[in-house]
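See below for the structure under consideration.
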Amino acid sequence: MTVTPGICWQTIRAVIGSEVEANLWTNPTFAVGAPAGITLAHTDALRCFVLVVGDPSNDVIAFTASCPAGGSVFSVASGLADLEVGQAVVCATSGILPGGLQVIGIDQPSGSDVVLGGGAGPWAYPANPWIFSMPATVALTTSDQLYAIDSYPVGTLAVTVSPSTGVTVADWNMDGSYTQPDPTGGDGTSMSNSGGQAMGLFQVTFPAAGAYTVEVTYSPVNPTLLNPDDPVYSATQSTLTVEVT
């Protein structure tokens, strides 16, 4: 099942340089959607924090896997195609898999293995993941049903502004490669946090007074991970109306 995630505009501020001039919008309940409109002076820059919100209750992926006692690589018998790095994993058989487990590596499509672990993200795999091993006395069989919970959309955010003449966009997120923090630049084209979640902190500067629209688009594509797409979530966008005085 493919669902459309929500885009949440969490904070919107007017800034000059590194100084916050005004808090224009705060969203403590993480409600989906943009405010009705934002007004700021043309001497200010618009700084926004936006994230994509999933629905774990609707995004549970069942798969079956086996793992020998003491092993750390799980052979997936079915359901591999929908698994993504970063998904939380639980087991229907109580006591076999601990809480906090995640998919941290996938051998796909050439193989049928998945590495489960915790305390690491896709940027650390396969160099140095915190790998979970089955207890030496317990073996997981394909009769033990596992569930991956796609609790947040994996992918990127892109920002476009209309009219665009003279407008600049800078972001403060991992941008594209997930290997270098981007604290002073970026162009708002591929924002995501280091775990692959579509989450963006960006700043827009306007050349003159006027009416503008700032559109944020979510794309369920993460080409640096072993799985290129997030099959659970579909692309979507949200638009903020800005009046520059």
Side-chain angles (χ1 to χ4, degrees), residues 1-3 5 52-156 174 176-179 192-199 218-235:
M1 176 181 65
T2 301
V3 296
V52 181
V53 181
D55 184 358
S57 65
N58 290 328
D59 308 327
V60 178
I61 300 167
F63 69 101
T64 58
S66 61
C67 185
S72 60
V73 177
F74 294 71
S75 297
V76 179
S78 64
L80 182 72
D82 289 335
L83 296 181
E84 297 289 330
V85 169
Q87 291 175 347
V89 175
V90 296
C91 184
T93 304
S94 176
I96 289 188
L97 299 181
L101 210 60
Q102 285 186 318
V103 177
I104 60 172
I106 301 173
D107 179 12
Q108 184 184 349
S110 60
S112 60
D113 294 334
V114 59
V115 179
L116 305 182
W123 67 92
Y125 181 81
N128 190 30
W130 186 104
I131 295 178
F132 168 78
S133 296
M134 289 295 297
T137 58
V138 177
L140 184 72
T141 71
T142 53
S143 62
D144 298 307
Q145 186 70 62
L146 280 76
Y147 298 93
I149 303 171
D150 201 344
S151 56
Y152 59 77
V154 173
T156 58
M174 300 278 185
S177 68
Y178 298 98
T179 58
S192 182
N193 73 7
S194 59
Q197 184 178 12
M199 180 184 296
Y218 162 71
S219 297
V221 177
N222 189 339
T224 65
L225 299 182
L226 294 177
N227 284 3
D229 305 302
D230 189 338
V232 173
Y233 293 101
S234 61

query = Just by modelled atom types, is the Ser75 backbone N or O under 3.5 Å from a matching donor or acceptor in the Ser112 side chain?
reply = no

note = Per side chain to side chain contact (heavy atoms under 4.5 Å, CB included), Ile106 is matched among Asp113, Leu83, Val115 by Leu83

ask   = Does the side chain of Leu140 come within less than 4.5 Å of Ser66's, by heavy atoms?
value = no

ask   = Can you name the nearest heavy-atom pair linking Ser192 to Ala198, along with the distance?
value = OG-N, 4.1 Å

ask   = Looking at Pro5 and Pro153, what are the two nearest heavy atoms and their distance?
value = CB-CG, 3.8 Å

task = Decide yes or no on side chain to side chain contact (heavy atoms under 4.5 Å, CB included) for Tyr233 and Val3, but give the supporting numbers first.
result = CA-CA 5 Å; Tyr233 293 101; Val3 296; 3.6 Å; yes

key: Side-chain (Gln145) to main-chain (Phe63) donor-acceptor, under 3.5 angstrom   = yes

Atom pair CG (Asp144) and OG1 (Thr141), whose distance is rounded to the nearest 0.5 Å = 4.0 Å

inquiry  = Can you confirm whether Leu116 sits close enough to Val114 that some side-chain heavy atom of one is under 4.5 Å from a side-chain heavy atom of the other?
reply    = yes

Any donor-acceptor N or O pair under 3.5 Å, side chains Thr64, Ser78 = yes

inquiry  = If you compare all heavy atoms of Phe74 against all heavy atoms of Ala65, which two are closest, and at what distance to 0.1 Å?
reply    = CB-CB, 4.2 Å

inquiry  = Let me confirm one number: the OG-CE distance from Ser72 to Met134, rounded to the nearest 0.5 Å.
reply    = 11.0 Å

